[in-house]
Peer 1: 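Structure in structure tokens, see below.
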Amino acid sequence: MNVRRRSSVAALAATAVIGVAAAPAVAADPSPSATTSAPSTAASGLYGSGDPQFDGVWRQSLALLAQDTAGVVPSSKAVKWLTDQQCDDGSFAPFRADPAKACDAETMVDTNNTAAAVQALWAVGGHGDVVDDALGWLKSVQNEDGGWGYSPGTPSDANSTSVVIGALTATETDPEGVEKNGKSPYDALLALALPCAEDKGAGAFAFQPDKDGKLLANADATAAGLLGALGKGLVTEAGEKTDAASCADTDEPTREQAAANAAAYLTDALAKDGHLKSALGGSPDQPDYGNTADAVAALAAQGGADRAAGPLAWLKKNAGQWAEESGPAAYAQLIFAAHATGTDPRDFGGADLVEQLNATGPAPQGAKASDKASHESKDEEDEKKDDSPFGVWWYVGVCLVFGIGIGFLISNRGKGQQP
């Protein structure tokens, strides 16, 4: 699966195995060639032209969050499209064709879209009531083990728990204090970490236990789980530079050690090809661009930008066509990877990811005030340098005159020394 909606597909597969009914909304990624079942042009406020049935809220949330991260003020129409998707209880579904119609038992709301919307709307600001209601709903559907499944009532999984942790920390809510039966989200997440003694997948996170209760390494869940263990959201910055991560078991594993173990697993998985491969059963052996982008952000957050240099270089060289075909969420994932590594998203392998993302929906309002002020300040400094009587050309002129004077003096001295 190409963009991060693949966690939803994994949720469907996992819940089917353990006999839990899953929401049909997690069926598949949208395709650029998919038939649009509802308005999805810039005029509607939605980013992307594909059918929004399975990912409308997700891709809109990532698009707005990526724009904010890149210093862009999103279109007010685009923000309204997202807020209009919220149900009265605070939750979000992947897409509601008629937002004016009240949500009911048939509306397939979920934790992933709700948590992503929280992160986006908190970032753009001005929607405190929407965010509060969404957080209230997320807390109301927390599982007994402290975590979350994709759909309310389904077993906790690493991806869903991590994206909700991201929503909590983004809104300055300490996940440690969000408990159910004395269990926090971190407790649920660490329960899905594979011990270092495992022959396969040492240090990785599992998506969920399989039908026999065994934990199986999952690269997608590991990238998500690493960020979740660190208390990070979809947008993160490079952490402090550390030595190469290694897997180490302790009697009472900390979140930080679990993250280091996950980083060691991802580093090994990326070592051969510079990218991760699709983990979906039956998929051809092909690169997983979205998971690789997530891994870049996760590795940078855990051990500094240098830790992610290899896969970042691979993305710069190879991810352009994938992003163009996959749309807004893909561009957003690459922008998040760029941000986490201190890379300019406007020059990502020669591509301007921000411009390409903006082109998939309504035109943004412009640059954020802080970024605009920064650019204007730099421009003013440059102008002052150009206008100053002591600018570079003044300096060149002085040097030229000084050089001529020295030459004249030497010449005269030479003449005076002649017999």
Side-chain angles (χ1 to χ4, degrees), residues 2-8 25-26 29-30 38 40 44-48 50-70 72-87 90-96 99 108-135 137-138 148 150 159-160 162-171 224 227 232-236 290 293-294 297 323 326-337 339 353-354 357-358 360-362 364:
N2 289 331
V3 293
R4 200 163 176 173
R5 292 302 304 162
R6 61 191 177 285
S7 62
S8 304
V26 301
D29 274 344
S40 59
S44 73
L46 175 63
Y47 280 84
D51 187 342
Q53 181 180 358
F54 301 119
D55 82 323
V57 165
W58 181 264
R59 77 188 191 214
Q60 190 79 349
S61 297
L62 265 64
L64 298 180
L65 188 56
Q67 287 179 322
D68 179 82
T69 301
V72 173
V73 179
S75 160
S76 58
K77 184 183 298 184
V79 176
K80 185 177 186 301
W81 185 97
L82 182 58
T83 58
D84 284 350
Q85 288 288 311
Q86 188 176 40
C87 295
S91 64
F92 284 79
F95 175 67
R96 295 169 58 208
M108 308 306 293
V109 298
D110 67 82
T111 60
N112 286 227
N113 284 289
T114 302
V118 165
Q119 295 184 55
L121 294 172
W122 178 269
V124 301
H127 299 280
D129 291 344
V130 177
V131 169
D132 287 344
D133 290 346
L135 287 174
W137 180 82
L138 286 169
W148 286 267
Y150 180 81
N159 295 69
S160 300
S162 295
V163 75
V164 175
I165 287 175
L168 293 173
T169 56
T171 55
L227 287 175
K232 305 294 184 181
L234 293 168
V235 176
T236 184
D294 294 344
S326 301
Y331 285 123
Q333 283 178 275
L334 294 178
I335 290 173
F336 298 154
H339 181 77
L353 298 175
V354 181
L357 170 61
N358 292 345
T360 66

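Keep in mind that this is a model prediction, so the values were computed, not measured. Just the heavy atoms: all of them, side chains too, but no hydrogens, waters or symmetry mates, feed the values below.
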Peer 1: Counting only heavy atoms not in Asp84, do more than 12 fall under 6.0 Å of its CG?
Peer 2: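 Buried by this count: over 12 neighbours within 6.0 Å.
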Peer 1: Of all heavy-atom pairs between Gly90 and Trp137, which one has the smallest distance, and what is that distance?
Peer 2: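 Nearest heavy atoms, Gly90 then Trp137: C-CB, 4.1 Å.
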Peer 1: Would you say that Leu234 contacts Gln333 through its side chain, given a criterion of any heavy-atom pair below 4.5 Å between the two side chains?
Peer 2: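 Leu234 vs Gln333: side chains apart.
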Peer 1: Would you find a donor on one side and an acceptor on the other, under 3.5 Å apart, between the side chain of Arg59 and the backbone of Leu46?
Peer 2: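 Absent.
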Peer 1: How many angstroms lie between atom OG1 of Thr114 and atom CD of Gln119, to the nearest 0.5 angstrom?
Peer 2: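 It is 11.5 Å, given to the nearest 0.5 Å.
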Peer 1: Would you say that Pro74 contacts Leu64 through its side chain, given a criterion of any heavy-atom pair below 4.5 Å between the two side chains?
Peer 2: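 A side-chain contact exists here, since the closest heavy-atom pair is under 4.5 Å.
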Peer 1: Given side-chain contact (heavy atoms from CB on, under 4.5 Å), test Thr360 with Leu357 step by step and report yes or no.
Peer 2: CA-CA 6 Å; Thr360 66; Leu357 170 61; 4.0 Å; yes
Peer 1: Working to the nearest 0.5 angstrom, can you tell me the gap between Arg96 CZ and Gln53 CD?
Peer 2: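 If I round to the nearest 0.5 Å, the distance is 14.5 Å.
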Peer 1: In Å and rounded to the nearest 0.5 Å, what is the OG1 to CG distance from Thr69 to Leu62?
Peer 2: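 If I round to the nearest 0.5 Å, the distance is 9.5 Å.
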Peer 1: Checking side-chain contact (heavy atoms from CB on, under 4.5 Å) for the pair Asn159/Tyr150: CA distance, chi angles, key distance, verdict?
Peer 2: CA-CA 8 Å; Asn159 295 69; Tyr150 180 81; over 6 Å; no
Peer 1: Any donor-acceptor pair under 3.5 Å linking the side chain of Gln85 with the backbone of Pro99?
Peer 2: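 Absent.
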Peer 1: For the backbone of Val164 and the side chain of Trp148, can you confirm whether one donor and one acceptor N or O come within less than 3.5 Å of each other?
Peer 2: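 Judged by distance alone, no pair lies under 3.5 Å.
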Peer 1: How far apart are the closest heavy atoms of Ala293 and Leu334, and which atoms are they?
Peer 2: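 So the minimum-distance heavy-atom pair works out to CB-CD2, 4.2 Å.
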Peer 1: Answer whether the closest heavy-atom distance between the side chains of Val130 and Phe92 falls below 4.5 Å.
Peer 2: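 The answer is yes; the side chains approach within 4.5 Å.
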Peer 1: Can you list the steps and then say if Ser162 with Leu227 is a side-chain contact (heavy atoms from CB on, under 4.5 Å)?
Peer 2: CA-CA 7 Å; Ser162 295; Leu227 287 175; 6.0 Å; no
Peer 1: Would you call Val354 and Gln67 a side-chain contact if the rule is heavy atoms closer than 4.5 Å?
Peer 2: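 Answer no - side chains too far apart.
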Peer 1: Looking at Ser61 and Ala120, what are the two nearest heavy atoms and their distance?
Peer 2: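 Looks like O-CB, 3.3 Å.
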Peer 1: Between Ala332 and Ala63, what is the shortest heavy-atom contact and its length?
Peer 2: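 The answer is CB-N, 4.3 Å.
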Peer 1: Judged by atom type as modelled, is there a donor-acceptor pair below 3.5 Å linking the side chain of Thr236 to the main-chain atoms of Lys232?
Peer 2: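 No.
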Peer 1: Distance check, rounded to the nearest 0.5 Å: Cys87 atom SG versus Asp133 atom CG?
Peer 2: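 Atom-to-atom, Cys87:SG and Asp133:CG are 11.5 Å apart.
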Peer 1: If we ignore hydrogens and angles and just use 3.5 Å, is the side chain of Thr169 paired with the main-chain N or O of Gly166 as donor and acceptor?
Peer 2: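 Yes; at least one donor-acceptor contact below 3.5 Å.
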Peer 1: Measuring from atom CG of Leu121 to atom OG1 of Thr171, what distance do you get when rounded to the nearest 0.5 angstrom?
Peer 2: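 Rounded to the nearest 0.5 Å, the CG-OG1 separation comes to 11.5 Å.
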Peer 1: Is a donor on one side and an acceptor on the other found under 3.5 Å between the side chain of Ser326 and the backbone of Ala323?
Peer 2: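 Absent.
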Peer 1: Compare all side-chain heavy atoms of Tyr47 with those of Leu82 and state whether any distance is below 4.5 angstrom.
Peer 2: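 When only atoms from C-beta onward are counted, Leu82 and Tyr47 do not touch, as no gap falls below 4.5 Å.
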Peer 1: Under 4.5 Å between any side-chain heavy atoms of Phe95 and Asp51, yes or no?
Peer 2: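 No, side chains not in contact.
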Peer 1: Look only at the side chain of Gln60 and the backbone of Trp81, and say whether a donor-acceptor pair between them is shorter than 3.5 Å.
Peer 2: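 Not a single qualifying donor-acceptor pair exists.
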Peer 1: Minimum heavy-atom separation for Val124 and Val79, please, with both atom names.
Peer 2: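 Heavy-atom minimum between the residues: CG2-CG1, 4.4 Å.
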Peer 1: Can you measure from CG (Asp55) to CG (Asn112) and round to the nearest 0.5 angstrom?
Peer 2: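 Going from CG on Asp55 over to CG on Asn112, the span is 12.5 Å.
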Peer 1: Is there a side-chain contact between Asn113 and Pro94 in this structure, where contact means two heavy atoms from C-beta onward sitting under 4.5 Å apart?
Peer 2: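 They are in side-chain contact.
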Peer 1: Check step by step if side-chain contact (heavy atoms from CB on, under 4.5 Å) holds for Leu65 and Trp122.
Peer 2: CA-CA 9 Å; Leu65 188 56; Trp122 178 269; over 6 Å; no
